[in-house]
Amino acid sequence: MIKYLVMDLDNTFLRWDKSIPDENTEALRKLKDAGIKVIISSGRSNMSLDIYAEKLELDYEGNYIIAYNGCRIYEAKSKKVLREYLLDNKTAAKISDIVTKIIPNTLCYSNGKLYTENITYITKRYAKNSSLKLNKVDDLKSIMVGEVQKIIMIGEHKLLYGAYEEVIKKLGSDINAEMFYSSDDLFEFEAKNKNKGTALIELAEILNEPVSAFASIGDNQNDIEMIEYAGLGMAVANAVEGCKNAAKYITKKDCNNGGFAEACEYVLNRQTGGSCRNNITE
């Protein structure tokens with residue numbers, strides 16, 4: 001029996017242009033009526049996710065939010081942090097020193113604020129989409145003395161991979177950080193051994209629930225573990241192959257056309273013994 005649906009936001013619940021399909025909003029209502037709690041799990045900061053939680057009426061007592069790709073778990077209403085994992089300061093400084101020389105549009109979340117060395121159209125757009133103020137510093141390493149949530153690079157896929165390879169070359173493959181694409185043009189560095197999947201497992205322990213009580217849905221590399229670890233992992237049609245390979249259900253519709261709503265219908269039909277099993281990979 002599914003009690004919780006853990007959902008990614010960008011390119012899963014949200015369209016590519018960050019708008020919300022009407023059918024997705026209706027799907028949230030249907031899940032609520034069926035007694036299924038919806039938990040946002042995103043690479044976004046808690047500041048950004050609080051805005052969406054309020055807008056979607058998910059900021060109620062007894063509900064939870066997963067931010068920074070699983071590195072922060074907190075209560076949706078009280079904002080009480082239940083689990084938090086930070087990027088090692090020394091590692092963050094070393095990464096920053098390497099990647100800022102290759103990717104101009106590099107940003108860092110530190111002490112709950114967003115920083116960059118370069119105020120450009122791209123970094124300003126990212127900040128706007130995240131509903132955050134963008135703070136300029138001369139050197140990102142200067143802010144690595146506090147709590148570092150993550151470093152994020154924005155650029156062409158191949159250029160990002162080149163920066164990643166340079167990090168591995170200089171710091172070694174056993175670097176004290178998780179590294180992954182969160183979209184085709186975003187690459188992130190966060191706390192070692194933490195991801196949306198480990199957060200799902202930790203939340204299940206906090207709630208004293210089996211992981212079989214959780215469904216999840218996502219689209220990109222940072223969603224793979226969350227899809228794999230959930231009792232029912234799902235991927236939207238526009239998801240990367242890694243997500244699709246981990247999923248038990250893949251929607252026919254993409255994020256622009258109500259793929260999330262389709263997945264919700266599958267969950268609800270599955271709960272009631274319906275026949276909506278046309279796209280399952282079990």
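Geometrically, Lys194 engages Tyr85 in a cation-pi contact, judged by NZ or CZ lying under 6.0 Å from the ring centre and within 45° of the ring axis.
With respect to the salt-bridge test (charged N to carboxylate O, under 4.0 angstrom), the residues Glu202 and Arg83 qualify.
Residues Ile36 and Phe214 are members of separate hydrophobic clusters, defined by side-chain heavy-atom contacts under 4.5 angstrom among Ile, Leu, Val, Met, Phe, Trp and Tyr.
The heavy-atom pair separating Glu262 from Thr251 by the smallest distance is OE2-CA, 3.3 Å. For Gly231 against Lys248, the heavy-atom pair with the smallest separation is O-NZ, 3.1 Å. Shortest non-hydrogen contact noted between Asn222 and Lys196 is O-CD, 3.5 Å.
Judged by distance alone, the side chain of Asn63 and the main-chain N or O of Tyr60 form no donor-acceptor pair under 3.5 Å. Side chain of Asn176 to backbone of Thr91: no donor-acceptor contact under 3.5 angstrom is found.
Taking the six-membered ring where the residue is Trp, Phe187 and Tyr164 present tilted rings, their angle falling between 30° and 60°.
The structure places CE of Met226 at 12.5 Å from CD1 of Ile201, a figure rounded to the nearest 0.5 Å.
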Derivation and outcome, salt bridge (Lys or Arg N to Asp or Glu O under 4.0 Å), residues Asp139 and Lys141: CA-CA 5 Å; Asp139 189 345; Lys141 295 196 300 298; 2.9 Å; yes
Stepwise salt bridge (Lys or Arg N to Asp or Glu O under 4.0 Å) check, Lys169 with Glu165: CA-CA 6 Å; Lys169 177 182 176 181; Glu165 287 187 313; over 6 Å; no
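Test Lys150, Glu188, Glu190 against Tyr109 for side-chain contact (heavy atoms from CB on, under 4.5 Å) and you get one pass: Lys150.
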